Amino acid sequence: MTTTRTVLITGCSSGFGEASACLFAKNGWNVIATMRNPTTVCEEYPNILIARLDVQDQTSIKSAVAAGVAHFGRIDVVINNAGYGLSGVFEGTPRARIQDQFEVNVFGVMDVIRETLPHFRQNRAGLYVNVSSGAGVFGLPMISLYNASKFALEGFSESLSYELSALGIGVKIVEPGGVTKTKFGERSGSEFSLTTTPEDYDAFIAGASGIFNGLREASASTASEHVAQVIYRAATDGTDQLRYVATDDIRPFIEKRRGSSEEEYMRFMRERMTPSC
Ligand code: NAP
């Protein structure tokens, strides 16, 4: 007898989260599709429970997890997908914005994991799939704070995988590159930089924007559904593989980062990422 498995996904209002909710539901999973402002997702599937969850509101995390367990009996997989990418130069970024970036991309993930761990420990089973980014592997100009948050998420996830494997609980990291058809670009939250960034950075910002436009063109054809497939594979392949590179646009950078010397990697990156000012 096969029992239907249940996944809880954060950030299901759009992008990878929404596409993942639909894919898991289509494949027969029970889905706890969580989001800050509840709305419908993939209405054609009856096995989706919509629950309000703001990763910055611990009470909402507790309620969403409790509602999911009450409705479906258990949770087997948690996908920590909610996140956004702060952009702008460091000196022009107010401290409160940096804190917010870490609250959503790092502490929010930790709070969701903290809330679900007792359930996983009790079951002596469970899997976390944490959605990182190519920006969790290599640095890019203009996104130092997003980079910092995703590097933190990667280090946390890798280390956590050791302590949880002893309990029969898995941790995986999915690393997407640029996917322009999500709402990701709309939430960069960089409107403050217009007023708080010294003019000395103007030439750098213009150059870095040109680099990002080039990267965006390289990823224009990738869809959220493709990343959802990789998330689904990470959740279901039954292996102990830790990292999954989800899009081809970042493979050259990741291969250089992981497959060459520091000197060669930095030469490769500086040739491509140093804005001509
Ligand atoms: P998206 O369409 O903007 O989706 C992000 C989701 O996160 C939305 O549902 C958003 O909800 C949610 N979210 C933001 N703050 C939240 C909070 N405090 N609590 C709960 N949910 C919150 O972008 P996406 O591209 O699908 O991004 C999903 C993940 O992939 C993120 O972790 C992102 O860093 C990562 N990623 C994206 C790209 C890319 O190019 N698209 C590349 C690499 C990695 P609201 O609707 O309420 O704002």
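Quantities reported herein were computed from a predicted structural model and do not represent experimental measurements. Along the sequence shown, residues carry numbers from 1. Both ligands and their constituent atoms are indexed starting at 1 by order of listing.
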> Checking contacts here: is it the side chain or the backbone of Val104 that comes within 4.0 Å of ligand 1, counting heavy atoms only? Could be both or neither.
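Side chain only.
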> Between ligand 1 and Gly177, can you find any atom pair, the residue atom being a heavy atom, that is separated by under 4.0 Å?
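Yes, Gly177 has a heavy atom closer than 4.0 Å to ligand 1.
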> In the protein, which heavy atom is nearest to atom 19 (N) of ligand 1, and how far is it?
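Protein heavy atom with the smallest distance to atom 19 (N) of ligand 1: Val55 N, 2.9 Å.
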> Based purely on interatomic distance, does Phe184 place a nitrogen or oxygen under 3.5 Å from a nitrogen or oxygen of ligand 1?
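Looking only at distances, the answer is yes, because the N/O contact criterion of under 3.5 Å is met.
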> Select the closest option to atom 31 (C) of ligand 1 among Leu215, Thr180, Asp249, Asn81, judged by heavy-atom distance.
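Looking at heavy atoms only, Asn81 sits closest to atom 31 (C) of ligand 1.
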> Please state which option from Cys12, Pro38, Ser132, Gly83 has its nearest heavy atom closest to atom 35 (C) of ligand 1.
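Ranked by closest heavy atom to atom 35 (C) of ligand 1, first place is Ser132.
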> Any idea which atoms of ligand 1 are less than 4.0 Å away from a heavy-atom of Gly11?
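Matching atoms, with element in brackets: 6 (C), 7 (O), 8 (C), 9 (O), 12 (C).
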> Which is closest to atom 41 (N) of ligand 1 in terms of heavy atoms, Val179, Thr34, Ile250?
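Checking each option, the heavy atom nearest atom 41 (N) of ligand 1 is found in Val179.
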> Please determine if Ser133 has a nitrogen or oxygen closer than 3.5 Å to a nitrogen or oxygen of ligand 1.
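No, there is no polar N/O contact under 3.5 Å.
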> One pair to check against side chain to side chain contact (heavy atoms under 4.5 Å, CB included): Val174 and Phe16. What are the steps and the verdict?
CA-CA 11 Å; Val174 170; Phe16 307 159; over 6 Å; no
> Taking the six-membered ring of Phe268 as reference, does the NZ or CZ atom of Arg272 fall below 6.0 Å from its centre and within a 45° cone about the axis?
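Yes, a cation-pi geometry holds between Arg272 and Phe268.
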> For Lys150, take its heavy atoms, then give the atoms of ligand 1 lying under 4.0 Å from any of them.
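With Lys150 as reference, the close atoms of ligand 1 come out as 32 (O), 34 (O).
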> I'd like to check whether Gln56 has a polar contact with ligand 1, where a contact means an N/O of the residue lying under 3.5 Å from an N/O of the ligand.
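Yes, at least one N or O pair falls under 3.5 Å.
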> So is there a nitrogen or oxygen of Phe16 less than 3.5 Å from a nitrogen or oxygen in ligand 1?
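Yes - when backbone and side-chain N and O of Phe16 are compared with those of ligand 1, one distance drops under 3.5 Å.
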> Quick one: does Asn37 get an N or O within less than 3.5 Å of an N or O on ligand 1?
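It does not: no N or O of Asn37 is found under 3.5 Å from an N or O of ligand 1.
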> Give the residue, atom name and distance (to 0.1 Å) of the protein heavy atom nearest atom 1 (P) of ligand 1.
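Result for atom 1 (P) of ligand 1: Arg187 NH1, 3.2 Å.
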